[in-house]
Every structure is written in C-alpha cells, then in structure tokens.
Amino acid sequence: MIFDDFLVRAALAGIGVALAAAPLGCFVVWRRMAYFGDATAHAAVLGVALSLVLSTSILAGVLATSLIMATIVSTLSGRGYAMDTLLGVMAHSALALGLVAVSFVSGVRIDLMAYLFGDILAVGKADLAVIWAGAALVLGLMSWRWPNLLTATLNTDLAYASGIDPKREQLILTLSLAVVVAVALKVVGVLLIAALLIIPAATARPFSRTPETMALLAAAFGASATTGGLQAAFWLDTPTGPTIVSLAAILFALSSLAGRLKTRIMKTVGQ
Amino acid sequence: MTLLSIEHLDVDIDGRAILDNIHLAIERGEIVTIVGPNGSGKTTLLKAIIGSLTPAWGKIHRAPGLVMGYVPQRLHLDPTLPMTVTRFMGLPRRHAPERIEQALERAGAAGLGRHQMSSLSGGQFQRILLARALLESPDLLILDEATQGLDQRGVADFYRQLESVRRELDCGILMVSHELHVVMRASDRVVCLNKSICCEGTPQRVATSPAYQAMFGHDIQDAFALYRHDHAHRQETAELVS
C-alpha cells in the first residue's frame, strides 16, 4: 500500500490542507481577515489543552474552541474596539491561556512543539482520513456558496439586494476556517496555519484576472509549497512545518517580483 | 400593481432616529425620486428597502417574488480582489456571454468586458453598475445618486436610458438624486424627505409646495423655471409638427 510510506502520507496531508486553504485563504485576503485566521488558529492550543483535560478527541476540542473564538470575534466586532485591536487581544490571549492550560495537565506528557509547529511526518492513516474529509467539507461549502460569498465580499448592500444574507455567508467562512484550523493543526501547527491561508493567495494575486483563477492558482502554489517543503525538509534535516512556510514565502517573493516586472513591461509597451 | 409598500417605518442608527414614520408605495412602471438635504435619510431609506438595515418599527411589504436591482452610490473594490467587468456582471448569477455583451453595449460600455473593474473611470464604473442591475430584469430598480462621476452628456444619456428601461422592463424605478432640474423632468413622482416625508406628489406640485421651497430655497426656482421652459419648448415643437 502506498499509504504505508510516511512520506506519501505526509505529502497527501499537505496537499489536502493546501487545497482547502486556497479558496478560504483568498477570502481571508479579500476581506482583510488575516488576524481573524490567526485568532482562530491560536485558540486551537486552548482546544488541545481542554480536550486533554476532558479526555475528548483533540479534533473535537480544537473545532469547538476555534468556532467559539471565531464567533466571539464576529459578535464583538463593531462594539467600540477596532477589529485589529480586538483580534490582537483575542489571538494572543487565547494562545497564552492555552499554554497555561497545557502546563496544568503535566500528568499527561504532550509534545507542545508538535502542536505549535505541526508534525506532518507523523500523520497516520486515520489523520489522513480526517484531513481529507475536512478538506472535502470545506471545498464543498466553498463551491456551493461561491457566488454568494463573492457577492457578499464585494459589497454587502449588493448582496442584500440580491436576496443574499451577508451574515450567513460570514458564518460559513467562520465555520470553514475552524475546520481548516482543526485539520491543518497536524500539518503546520497553530503558529503557521494563517501563513498557509494567506501566503499562497497573496502569491496568486499578480497572475489573476478573476477570483476563480486566484483561488485555483493559490491551490497550485499551496500544494507546491507543501510538497516541495516536505522534500526540502527531508534533505536539509530542518523542521517540516517552518520549511513549508519558508518555501511559500520564497514563492511569494518571486511572484511579487514577477508582478512588478509585468506592470513595468506593460507600461513600456503601452508607451 | 404595487411593488413595494412601506408603512410606519422608523429606522434608528446608533440610537439616533434617522427615519421617522415613513409611508411610501411604489407601483409598477412609475419613476419615483427622493430628494432631500444631506443627512436627511435618503440612503438609509434605500438600505431599509433592500433589507440591509432592520427597521426599528413598521413594515416593508415587497410583492411576492420581487426582483430588485440596486445601484449603490459608491462601490469600493478591495485591490486584492481581481475582477473583470464580465465576471462582475455575472454576480451573483451567471449570464450568457452574449447577454452580457449586449448589456454593456446598451450601457455605452462596449468592449470593456475584459478590463479590470479597478481600471475603470468613475463614469464607466457607474454605467457598469447599472448594466449589472439590469441583467437581472428587475421589477424594481433602485438607484442611489447613480449619476455621480458622469459628465453632463452622460447624465442626460443616463436618464434617457432609464426612460427606455422603464418602458422595456415595465419596472418601477426608485432613485435618490441631487440633480433637481433633471429630477423635475425625469420623474412621475417626487418625494421630499427630511427624516420624515415632508411633501410628495407630481414634480410641479412638490416644486410649488412651501415645505419644498423652504428646504431648497431658490435652487428650486431655477430648476422649476428650467422645467417649464423645457415644457414650453416641447409644446412648440408639437404645434409645429401638427
């Protein structure tokens, strides 16, 4: 069985997460929700600690805390604090609280580093199934709601006039974000999940003329970064999660250079 | 047929009353214009009608299955969102490419389909917004100062287009406008709004009402003079033809 090879499992896990993160990451970029992704991801540490205390499955714990965090942030926004202040408070408080909570459950030995930075090489068959189920759920939600999500992102009044409720679309994005965080935990860890959402989408921007091409290109860049990063980490003997994100960052740098070059050439040709 | 009827509508924003006891009905095939000073609640009223603001009190009845087309005052596009004109026209529902091309042509924006929305001028942007709203064949077209960024010629074309849209689609048109002189010519009914409706009726009736004159001062004398002047011309031409 090919699934017996841990490198194959790792690559498939990375691709699954990259595919789900791509369209969602585009919305995170378009709607300026980068910090929102961070807050949701950082709450996952608290989820891990709680599920150890309550001895429930880690997936359930992470899903629950991420969802609660996302809901709190959505409802608190627009109540006197600027969104970035609010998210800055929430994201780091959740992370700190989680780390404190983890120290209380010292009876159980847990590898904190694995949750903070991920441990993609330890992905088992069951993990793989969870990752792909989560990815399929998110991709299904995204493609089902795509036109409505886009319209609501463009302008809430245009959405209302077409009979679309932007609050419901926001809820769908929030839910998808919690699922992606839960399944990406094993792959890149809580500290780097937001990077996997934002960097491939930002990399795709200079080459995209429509929202759809941006999402597809983001998926391609994300998948290349995860599989390439996996290889590189293996050769260089570096930690896998950070290597994946570093490669994604290199792709982003190249893409923005290419984007600059493209506009310069267009200008010269135009003259 | 009544497309929309509003009864006892109050809207508060941050605890401040913006609209107070509004009654308004819009029939199929009529062009209704809302005028009023800045901050009088014109945009708020439109937002309540499309459902983006929840009334504090009162009811907004929409005819069953009512399709609304909405042209906002301004539309800010985030630069991180790539969007061609053609793709924008197909949101939220996709349309056949030929229909989109036709709509662009009619809006005086032929050949812009492959352009990015961010590269359009203000006037082009407004035309595209109107074209997009028309693609849905709305029963009720709602325009919020839709002629912003258009030059004089563009404004004239715009209202001429509205007139033909009304005839072709047999839709109701509700708009907010600052251009008093054009309003007088283009509307069947004018509603004068200042938190509550202070007067309404045919353009002539509203223009001569004391409430309206108090609000707009002599601005309106000019507008009304222009209106009568124009009418006189039209009658002359009619006599010549006969």
Side-chain angles (χ1 to χ4, degrees), chain A residues 23 25-34 78-80 144-169 198-218 252 255-256 259 262-263 266-267 270, chain B residues 4 13-14 43-44 46-54 60 62 64-95 113-119 125 128-129 132-133 135-136 138-144 174:
Chain A
C26 287
F27 281 110
V28 169
V29 167
W30 296 332
R31 298 169 75 108
R32 313 205 159 211
M33 293 165 54
R79 288 200 191 167
W144 173 42
R145 309 299 299 185
W146 186 258
N148 289 11
L149 283 167
L150 265 183
T151 311
T153 299
L154 208 61
N155 182 274
T156 48
D157 288 335
L158 282 188
Y160 275 116
S162 298
I164 298 165
D165 182 358
K167 289 193 205 103
R168 192 175 51 212
E169 306 308 323
I198 296 157
I199 300 178
T203 309
R205 176 61 187 100
F207 308 107
S208 313
R209 295 182 45 78
T210 61
E212 287 78 13
T213 43
M214 182 157 155
L216 287 175
L217 279 177
F252 170 75
S255 134
S256 45
K262 201 179 92 182
T263 45
M266 297 276 267
K267 266 188 197 155
Chain B
L4 183 88
I13 295 177
D14 296 332
T43 297
T44 304
L46 295 192
K47 287 194 174 188
I49 290 173
I50 60 170
S52 106
L53 285 175
T54 322
I60 299 175
R62 300 179 187 86
L66 180 79
V67 177
M68 288 186 285
Y70 176 62
V71 179
Q73 202 175 97
R74 254 195 318 268
L75 186 67
H76 170 76
L77 269 186
D78 198 283
T80 59
L81 177 60
M83 185 69 72
T84 59
V85 169
T86 304
R87 184 66 193 97
F88 176 73
M89 300 277 282
L91 278 176
R93 276 166 283 276
R94 294 222 182 231
H95 304 281
R114 287 180 51 78
H115 284 62
Q116 285 287 309
M117 291 295 287
S118 52
S119 71
F125 208 108
I128 301 289
L129 281 175
R132 174 191 166 275
L135 268 178
E136 298 276 312
D139 303 303
L140 178 60
L141 183 61
I142 299 170
L143 309 154
D144 193 356
L174 176 66

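In what follows, every chain begins at residue 1, and chains take the letters A, B, ... in the order their sequences are listed.
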**Q** Can you say whether A:R205 sits under 4.5 Å from chain B via the side chain, the backbone, both, or neither, judging by heavy atoms?
**A**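 Side chain of A:R205 only, per the 4.5 Å heavy-atom cut-off to chain B.
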**Q** Quick one: of B:L75, B:L140, B:L77, B:V67, who has the most non-hydrogen atom pairs under 4.5 Å with chain A?
**A** B:L75
**Q** Ignoring hydrogens and geometry, is there a side-chain-to-backbone donor-acceptor pair from A:S208 to A:A204 under 3.5 Å?
**A** yes
**Q** Can you find a heavy atom in the side chain of A:W30 that is under 4.5 Å from one in the side chain of A:L150?
**A** yes
**Q** Under a 4.5 Å cutoff for heavy-atom pairs, which residue among B:P72, B:P79, B:A133 has the most contacts with chain A?
**A**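 So the answer, after comparing B:P72, B:P79, B:A133, is B:P79.
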**Q** Side chain, backbone, both or neither: which part of B:P92 has a non-hydrogen atom closer than 4.5 Å to chain A?
**A** both
**Q** With only heavy atoms counted, which part of B:L91 is less than 4.5 Å from chain A, the side chain, the backbone, both or neither?
**A** both
**Q** Mark yes or no for whether B:T86, through its side chain, and B:G113, through its backbone, hold a donor-acceptor pair below 3.5 Å.
**A**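 Checked: pair present.
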**Q** Measure B:P138 against the heavy atoms of chain A and call it side chain, backbone, both or neither at under 4.5 Å.
**A** neither
**Q** Under 30°, 30 to 60°, or over 60°: which ring-plane class applies to B:F88 and B:F125, parallel, tilted or perpendicular?
**A**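 If you compare the ring of B:F88 with that of B:F125, the planes turn out tilted.
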**Q** Which answer fits A:I164, side chain, backbone, both or neither, if we ask what part of it has an atom under 4.5 Å from a heavy atom of chain B?
**A**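 For A:I164, side-chain heavy atoms alone lie under 4.5 Å from chain B.
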**Q** Checking heavy atoms, do the side chain of B:R114, its backbone, both or neither come under 4.5 Å from chain A?
**A** both
**Q** Tell me which of these, B:L46, B:V71, B:T80, has more heavy-atom pairs under 4.5 Å with chain A than the rest.
**A**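 Max contact count across the listed options: B:T80.
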**Q** Write out all pairs satisfying salt bridge (Lys or Arg N to Asp or Glu O under 4.0 Å) with one or both partners inside residues 69-91 of chain B, taking only residues at least two apart or from two chains.
**A**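 Matches after skipping sequence neighbours: A:R32-B:D78, A:E212-B:R87.
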**Q** Could you pull out the closest heavy-atom pair between B:P82 and A:M214, with the gap in Å?
**A** CD-SD, 3.5 Å
**Q** Mind checking salt bridge (charged side-chain N to carboxylate O under 4.0 Å, His left out) for A:R145 and listing every partner two or more places apart, or none if nothing turns up?
**A**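 Applying salt bridge (charged side-chain N to carboxylate O under 4.0 Å, His left out) to A:R145 gives A:E169.
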**Q** Just so I understand: if I count every heavy-atom pair under 4.5 Å between each of A:A152, A:P166, A:P147 and chain B, which residue has the most?
**A** A:P147
**Q** For chain A, which candidate among B:T84, B:L53, B:L129 shows the most heavy-atom pairs at distances under 4.5 Å?
**A**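 Most heavy-atom pairs under 4.5 Å with chain A: B:T84.
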**Q** Minimum heavy-atom separation for A:D157 and B:K47, please, with both atom names.
**A** OD2-CE, 2.9 Å
